[in-house]
Peer 1: 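Have a look at this one before I ask anything.
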Amino acid sequence: MKLNIAVLQGDGIGPEVTAQAVKVLKAVAMEFNHIFTFQKALVGASAIDKTGNPLPEETISICKKADAVLFGAIGDTKYDEDPDAKIRPEQGLLGIRKELGLYTNIRPIIAYEDLLNKSSLKVKQIKDTNILIYRELTGGIYFGDRYLSDDGNIASDVCKYERFEIERIAHLAFKAALSRKRKLTLVDKANVLESSRLWRRVVKEIAPQYPNVKVNFMYIDNAAMELIIHPRQFDVILTENMFGDILSEEASVIVGSIGLLASASIGDKHAMFEPIHGAYAKAANRGVANPIASILSAAMLLDHFGLYEEAALVREGVDKSLKLHITTPDLNNKYDNITTTKVGDFIEDFIQNPDETNLNFTNIHIGQSTII
Ligand code: IPM
Ligand code: MG
């Protein structure tokens, strides 16, 4: 298969983690005789520094022409600390999601067997958790009208949804539930918000089309607690933009590190694959950033194009790296010198030599294994 992939590395740890995902995709292309080409484009704070614009026109056009976009991370502390900044890196990410019409963001939350003890939650609580969050990505409060009074003392952000915006993601979430445990939970705040009541009404109307899916409804405040206390009760969670942002980051506690969470952002014409973590500027260029979220996002890219065997091999490589403690310090209290690049190298090597079985901790640790 030929795929032209736009690479938006972005800010902070974005470039270094994305480089590992690209490395892994190149290895996949080599082993499975695909032709993947990569074209970099600017976004975020680094784009502002170079062009004054967090989402230059050229970037939009590269992404629109590409088959898929691989996204790194976005943000910079100098903007975080300045509420008066008119131009912000995040506008780059929100802008590209909107431009490409990426209305569905899919975030898998899986408690890996080998990492159960990395979570601050109890093992028996989180074991076997496997949730798919369907987060609406191009509507709601993120994109509603904003207002700031001239004296700077009154501000508002409107949370607006139209029926079609709910219907299209709801159908995708129901279909996903059909291929899993057949349970869909709509998370909203329908006891207070009109927009949430619209979500509930629309989902209730659609539900009879999926008689084999059990639907339940949960308020966001309650869901935030239930997700931590009884995560196994969830199969597919469907929710609006901001609730999905918050809930998915909370869910990273179950997995053990936010550095593991990948996502796919899907629209009718385009698709982008992005880790859920931010730019984490403090960690940039120190070799400590976990590339697994980016590598698993690349696996979701492969799945999206029906390259299931390839995606499964990447995931196997990730599982192996977790099992052998070839992980960055966020997950590793055994070895302290496993860098971002080393994790990427290991998974690349695994794809090239999946049958290699004589892996040895010590050798890998000091870089003398045949595989590193
Ligand atoms: C995410 C991020 C973004 C969001 C930010 C960086 C704009 O937190 O993808 O979860 O809020 O959507
Ligand atoms: Mg977020």
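These numbers were taken from a predicted model, which means no experiment stands behind them. One-based numbering, in listed order, for ligands and for the atoms of each.
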Peer 1: Could you tell me, atom by atom, which parts of ligand 1 come under 4.0 Å of a heavy atom of Arg107?
Peer 2: 1 (C), 9 (O), 10 (O)
Peer 1: Counting no waters, what protein N/O/S atoms lie under 2.8 Å from the Mg ion (ligand 2)?
Peer 2: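 Checking every protein N, O and S atom gives Asp245 OD1.
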Peer 1: What's the separation between atom OH in Tyr103 and atom CG in Asp268, rounded to the nearest 0.5 Å?
Peer 2: 3.5 Å
Peer 1: Donor-acceptor pairs are to be reported for all side-chain atoms of residues 72-83 against protein atoms at under 3.5 Å, with residues two or more places apart or in another chain.
Peer 2:
unit_1 : atom_1 : unit_2 : atom_2 : d
Asp76  : OD1    : Lys78  : N      : 2.9
Asp82  : OD1    : Asp84  : N      : 2.9
Asp82  : OD1    : Ala85  : N      : 3.4

Peer 1: With sequence neighbours left out, write down each residue that passes side-chain contact (heavy atoms from CB on, under 4.5 Å) with Arg232, or none if nothing qualifies.
Peer 2: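 Scan of Arg232 (side-chain contact (heavy atoms from CB on, under 4.5 Å), adjacent residues dropped) gives Lys127, Asp128, Thr129.
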Peer 1: For Arg88 and ligand 1, answer yes if some heavy atom of the residue is under 4.0 Å from a ligand atom, otherwise no.
Peer 2: no
Peer 1: Can you tell me if Gln91 has a non-hydrogen atom under 4.0 Å from ligand 1?
Peer 2: no
Peer 1: For Thr340 and Gln20, test the side chains for any donor-to-acceptor distance below 3.5 angstrom and give the result as yes or no.
Peer 2: no
Peer 1: For ligand 1, which is the ligand I care about here, please tell me if Asp245 has any N or O atom under 3.5 Å from one of the ligand's N or O atoms.
Peer 2: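 Between Asp245 and ligand 1, an N or O pair is found under 3.5 Å apart.
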Peer 1: Tell me whether Thr328 contacts the main-chain N or O of Asp330 through its side chain, where contact means a donor paired with an acceptor under 3.5 Å.
Peer 2: no
Peer 1: Counting only heavy atoms closer than 4.0 Å, does ligand 1 sit against the backbone of Asn105, its side chain, both, or neither?
Peer 2: neither
Peer 1: From Met218 CE over to Ile237 CD1, what is the distance, rounded to the nearest 0.5 angstrom?
Peer 2: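 Between Met218 CE and Ile237 CD1, I get 8.0 Å after rounding to 0.5 Å.
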Peer 1: Can an N or O of Glu274 be found at a distance shorter than 3.5 Å from an N or O of ligand 1?
Peer 2: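 Checking ligand 1 against Glu274, no N or O pair falls under 3.5 Å apart.
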Peer 1: Taking side-chain contact (heavy atoms from CB on, under 4.5 Å) as the definition, give me every residue that meets it alongside Arg201, ordered by chain and number, with sequence neighbours left out.
Peer 2: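 Partners of Arg201 by the side-chain contact (heavy atoms from CB on, under 4.5 Å) criterion, ordered by chain and then number, come out as Glu194, Arg197, Leu198, Glu205.
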Peer 1: Does any N or O atom in Glu249 lie less than 3.5 angstrom from one in ligand 1, N or O only?
Peer 2: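 No, no N or O pair falls under 3.5 Å.
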Peer 1: At what distance is the nearest protein heavy atom to atom 7 (C) of ligand 1, and which residue and atom is it?
Peer 2: Glu90 CG, 3.8 Å
Peer 1: A cation-pi test, strictly: NZ or CZ of Lys204 under 6.0 Å from the centre of the six-membered ring of Phe217 and no more than 45 degrees from its axis. Yes or no?
Peer 2: yes
Peer 1: Does the ring of Tyr134 carry Arg180 above it, NZ/CZ under 6.0 angstrom from centre and within 45° of its axis?
Peer 2: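 Because its charged atom misses either the 6.0 Å distance or the 45° angle limit, Arg180 does not stack over Tyr134.
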